[in-house]
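Proteins get letters first, then strands, A, B, ... in listed order; numbering begins at 1 in each.
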Amino acid sequence: MPGDSNSLINRLGVRDYILVIAEKPRAAQKIAEALYPYKRFRINGVPIYVARWGGSVYVIAPAAGHLFTLDTEDEGYPTFNFKWVPRYIVDRDARFTKKFLDALKLLAKHAQGFVNACDYDIEGSLIGFMIIKYFGDIRKAKRAKFSSLTPQEVRKAFSNLNELDLNMVEAGYCRHILDWLWGINISRMLMDFYERVFMKRIVLSAGRVQSPTLAHAVDIILSRRWHVPVPYATIDIFIDLDGNLVKLDYVGEPLTSLSDVKNYIEKIKRAPYAVVESIKKEYKIVESPHPFNLPDLQSEAYRIYKISPYTTQHIAEDLYLEALISYPRTNSQKLPSTLNNQEVLEALAKNPKYSELVKKLFTETKGFFKPNNGPADDPAHPAIYPTGEAPRTRLKPLHEKIYDLIVRRYLATFAKPLRLLELKVTLNVHGLQYSLSGVKILDPGWLKYYPFYSVSENTNLVDYDIREGMKLQIKNYKVRTKYTKPEPPPSRISLLKWMESVNIGTEATRAEIIEVLFRRGYLKSRSRSVDVTDLGLLIVFLLKKFAEDLLSVELTRRFEEKLKLIIYGKARCNDIIEEAKKVLVIYINNALRESHRLSEEVFKVIQPQNQDIGVSHKKCKVCGRVTESGDLCIFHKVAYENIVKSYERWKAFGYSWSTYLQKLVKLRSTGQYVREVAEMLLKEKV
DNA sequence: GCAAGGTC
């Protein structure tokens, strides 16, 4: 029996040992290797190492992230009744954590002391602490402190073990509880509201990370639905260069009225010349790309193949489990200095797909492999790199694509820079600026290995003899009327980048949290971009009314401040939790007090189907939603105001009010609510 | 069932 105490002592070969808890198997292995393990075995598949260091025997065993989680038996809300339970009991997807928990429990029973050697952050401090608290003795526990898992750092940490970092533990503990209290209670409130109005129970959710992300998507999508396109004109100009008709790029301010266009054309007709104002010849050096971290990999997989960040992450994890690449949940853009790149490259060369490229790289670098490491760092893991291991079976098409990206990025980071010759000519045509640019690749450098950028070469211009002050004859011109476009719609990747930029969520959770918004039915896919559903709009509207804190990234900032105070010993978790409870009680009571007019509020956002919303409410004449005032709902009211505001600009292009409205109905860039209002206004006239 | 955070 592998789990039996007697057989355990036999296998360990010692009675006096200190249990070292690592955050995950790979970390346990690294820690063990640094301490020269003399024995290794498995308990139910969980790898265990035994090492002697500084006169002590250490038994090193891994957790698998958090083995405990918060849970409650209460069904209503508000609930402040939580307890810590082993994850595998409450989460079907966490059943794999049981064997880790069992192994640690068994080892803890006989241990003389404990070392928490999880990642040095609040989560790692909590992961190790919970195991020692439940199965061991925190009075006999120490903390190993290292910022990377290099042998030197690990040895230093073990020669100099710290006291248990109880403040860090308390901060981690507090983070869990705050997220839980806010998330569970406000989610339940939303579900309750929904059920009261629609007589149907569905799963709804809100949280510190998901809700601001939803609100951000809604902001963009509403601004698109409220977009009124406005006309402007540019003039295409064609000149003759050595018998080739060349179009100049318009770089000046656009023309905003019909009379400006007419005057300008007159000038061109009178004197059809473009004057060369300046010529800038530039040698440009583009350094090789940085090694991949997870956000960069997700971003490139989306840019090149339109693979979603969530899918990319899962594929990268598969590749990691197949030992084809290093640990992918990393923010680092630096390859480990200890990595033997020559060995990896030689192994990669065995794959016929890369043998030629690797050979080229060896020649170019003369066997000296220096990566172009980037600025981003990660205390726990280096950048993503291929291990050189050959795939055991043929990779699935998407896996192949991600693997190929990682291999090529790895090759490219050692390669020479891309060298370009850029020529930029600025021309003046009657006071307006135009430009002409030419590009010539002098040396493709890393682009040979990572060919996912297109440099459109335009060598004609580079070779053409062009001088300042030259007058070039205009052969042709063309007026182009354009219309302003709304900002681009959000995509999974743009949401992910936004979360990164405002620093909410983590490498490991962001893509997943975006998927939650889809699973709840708040967001939906529309070709390659993201659209919001009426339900998504409703959630944002309700949160804004009843729990506004949850819509802003400020809540995360506030949490961070408070956790920092705990770490410095200047605040206590309990006080912070009590404070959070008070806010939640106020929010929930306030919401319950107003709940009798809930359906009225809900139908300001959602179009009523057959529901009874009472006779006293005024309905939007475009869509039937309940209005706040006047005869338009909150959505169509803004659209109407925007239409009125933009009319001046259209008048300058000779449009009457009704031709303006007709054009708005026709144009593709017109926002949805704007089009609906324009249609209504046209109908009213008839 | 509800969060966000670890990790297989």
Side-chain angles (χ1 to χ4, degrees), chain A residues 21-28 45-47 62-79 82 87-88 90-101 118-119 121-131 171-195 201-214 294 313-314 316-323 327-330 380-381 499 504-517 519-520 539 547 550 555-556 559-560 563 580 584:
Chain A
I21 297 153
E23 189 154 319
K24 49 186 169 279
R26 181 59 65 100
V46 176
H66 286 291
L67 299 181
F68 293 88
T69 190
L70 290 166
D71 191 42
T72 185
E73 275 156 17
D74 289 3
E75 290 198 342
Y77 74 99
T79 174
F82 51 81
R87 272 201 61 206
Y88 74 88
V90 292
D91 184 354
R92 277 182 65 81
D93 292 338
R95 276 171 300 179
F96 75 94
T97 60
K98 184 173 189 300
K99 58 177 186 281
F100 291 89
L101 202 79
C118 296
D119 297 351
D121 51 36
I122 63 172
E123 304 296 337
S125 293
L126 182 64
I127 291 168
F129 175 85
M130 291 298 286
I131 292 159
Y173 192 85
C174 195
R175 202 281 304 152
H176 266 257
I177 294 169
L178 285 174
D179 276 334
W180 190 89
L181 288 174
W182 276 91
I184 299 296
N185 283 299
I186 303 299
S187 295
R188 287 182 178 184
M189 184 177 95
L190 290 173
M191 285 185 265
D192 179 45
F193 278 12
Y194 190 92
E195 191 178 6
R201 202 154 172 87
I202 61 171
V203 176
L204 298 173
S205 64
R208 172 177 59 83
V209 178
Q210 62 169 266
S211 299
T213 306
L214 176 63
L294 182 60
Q313 183 168 341
H314 274 271
E317 280 162 8
D318 288 346
L319 296 173
Y320 165 68
L321 293 176
E322 288 284 308
Y327 193 74
R329 288 194 291 256
T330 174
H381 309 283
M499 294 167 87
I504 58 173
T506 68
E507 253 61 69
T509 58
R510 287 179 192 128
E512 185 108 34
I513 286 173
I514 291 169
E515 295 310 309
V516 167
L517 297 175
R519 217 161 39 232
R520 299 274 176 268
I539 295 298
L550 214 42
L555 189 63
T556 294
F559 279 19
E560 284 166 349
L563 298 185
L584 283 167

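The salt bridge (charged side-chain N to carboxylate O under 4.0 Å, His left out) contacts involving residues 122-131 of chain A comprise Glu123(A)-Arg175(A), where partners must be two or more places apart or lie in separate chains.
Among residues two or more places apart in sequence or in another chain, the side chain to side chain donor-acceptor pair (under 3.5 Å) test is passed with Thr79(A) by Asp74(A).
When the nucleotides dC2(B), dT7(B), dG5(B) are ranked by their closest atom to the side chain of Asp119(A), dT7(B) comes out on top. Among dG1(B), dA4(B), dT7(B), the nucleotide with an atom closest to any side-chain atom of Val203(A) is dG1(B). In the set dG1(B), dA4(B), dT7(B), the nucleotide with an atom closest to the side chain of Ala508(A) is dT7(B). Here the side chain of Ser187(A) is nearest to one of dA3(B), dT7(B), dG1(B), namely dA3(B). For His66(A), whose side chain is taken as the heavy atoms from C-beta onward, the closest listed nucleotide among dC8(B), dG5(B), dA3(B) is dG5(B).
Within the 4.0 Å cut-off from OP1 or OP2 of dT7(B), at least one side-chain nitrogen or oxygen of Tyr327(A) is found. Of the side-chain N and O atoms in Thr509(A), one or more sit less than 4.0 angstrom from OP1 or OP2 of dG5(B).
Looking at heavy-atom distances under 4.0 Å, Glu317(A) makes no contact with the nucleic acid at all. Nucleic acid contact for Arg329(A): base, since at least one base atom lies under 4.0 Å from a heavy atom of the residue. As judged by a 4.0 angstrom heavy-atom cut-off over every strand, Ala206(A) is placed among residues touching the sugar-phosphate backbone only.
Distance His176(A) NE2 to dC2(B) P: 17 Å, rounded to the nearest Å. The nearest whole Å value for the distance from the CE atom in Met189(A) to the P atom in dG1(B) is 21 Å. Spacing between atom CG of Leu550(A) and atom C1' of dA3(B) amounts to 9 Å, rounded to whole angstrom units.
Judged by atom type and distance alone, Arg188(A) reaches the base of dG1(B) through a side-chain donor-acceptor pair under 3.5 Å.
With respect to Val209(A), the side-chain contact (heavy atoms from CB on, under 4.5 Å) criterion is satisfied by exactly one of Ile504(A), Ile514(A), Thr506(A): Ile504(A).
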